[in-house]
Amino acid sequence: MTDDRLDAAFMALADPTRRAIVARLAQGDATVTELAEPFSVSMPAISKHLKVLERSGLITRSRQAQTRPCHLEREPLDAAIDWIEASRQLWNARFDKLEAHLRAVQSTPPEKGTSR
């Protein structure tokens with residue numbers, strides 16, 4: 001996944017309404033009307049949220065007769081999780097090194113004539 005697509009996924013997930021929509025779609029496909037139900041916003045506002053999610057690649061929409069079911073796409077979420085996990089591992093390694101360094105400094109007796 002490109003950095004632009006990853007940026008788009010994180011930007012789309014930055015909004016609590018869009019995160020709630022993604023959480024609902026994790027349970028299974030849903031129509032726009034079903035996705036709009038729990039929110040006290042207009043259908044055009046929900047449509048705008050869905051367009052952001054669609055542009056980011058997090059969801060796809062299809063047409064089945066009169067309905068437009070939305071489907072959660074796994075790949076962009078997996079890419080975001082992979083990025084988060086790699087960052088977590090990097091920072092854990094850095095914190096482990098810092099902790100080891102601080103322990104070494106604390107366990108070294110001070111030199112004569114200096115104070116801590």
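Throughout, residue positions are numbered sequentially from 1 according to the sequence presented. Owing to the predicted nature of the structure, the values given are computational and were not obtained by experimental measurement.
Closest heavy-atom contact between A80 and L6: CA-CD1, 3.7 Å. The two atoms that bring H49 and D15 nearest to each other are CE1-OD2, 3.3 Å, heavy atoms only. Among all heavy-atom pairs drawn from A30 and R24, the shortest one is CB-NH2, 3.4 Å. Taking every heavy atom of both residues into account, R19 and A14 meet most closely at NH1-O, 3.0 Å.
The CD atom of E75 lies 10.5 Å from the CG atom of D82; values are rounded to the nearest 0.5 Å. Interatomic distance, CD of E34 versus CD1 of I21, reported as 12.5 Å (0.5 Å rounding). Here the straight-line distance linking atom CG of L102 with atom OG of S107 works out to 10.5 Å at 0.5 Å rounding. Atom SG of C70 is separated from atom CG of L53 by 8.5 Å, given to the nearest 0.5 angstrom. Rounded to the nearest 0.5 Å, atoms CG (D7) and CH2 (W83) are 9.5 Å apart. R68 CZ to S62 OG: the interatomic distance, rounded to the nearest 0.5 Å, is 7.5 Å.
In this structure, the side chains of L72 and L77 come closer than 4.5 Å at one or more pairs of heavy atoms. Between T60 and E73, the closest side-chain pair of non-hydrogen atoms falls below 4.5 Å. Within the 4.5 Å cutoff, the side chain of R61 has heavy atoms near those of the L50 side chain. Within the 4.5 Å cutoff, side-chain heavy atoms of F10 are placed close to those of I84. Annotation: side chain of V32 is in contact with side chain of M43 (closest heavy-atom distance under 4.5 Å).
Under the 4.5 Å side-chain heavy-atom criterion for grouping Ile, Leu, Val, Met, Phe, Trp and Tyr, F39 is connected to V22 within one hydrophobic cluster.
Proximity of a side-chain donor or acceptor of S56 to a complementary backbone N or O of L58 within less than 3.5 Å is detected.
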Yes or no on side-chain contact (heavy atoms from CB on, under 4.5 Å) for R18 and L13, after CA distance, side-chain angles and deciding distance?
CA-CA 6 Å; R18 291 191 288 266; L13 293 171; 5.9 Å; no
Given V52 and M11, is the side-chain contact (heavy atoms from CB on, under 4.5 Å) satisfied, shown in steps?
CA-CA 9 Å; V52 171; M11 189 272 309; 3.9 Å; yes
Go through the steps to decide whether L35 and L25 satisfy the test side-chain contact (heavy atoms from CB on, under 4.5 Å), and finish with yes or no.
CA-CA 8 Å; L35 292 172; L25 289 173; 3.9 Å; yes
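The pair K51-E54 does not meet the salt-bridge criterion, since no charged nitrogen lies less than 4.0 angstrom from a carboxylate oxygen.
Other residues, nucleotides and ligands contribute only 12 or fewer heavy atoms inside 6.0 Å of the CZ atom of R63. The number of heavy-atom neighbours closer than 6.0 Å to CZ of R74, taken from other residues, nucleotides and ligands shown, is 12 or below.
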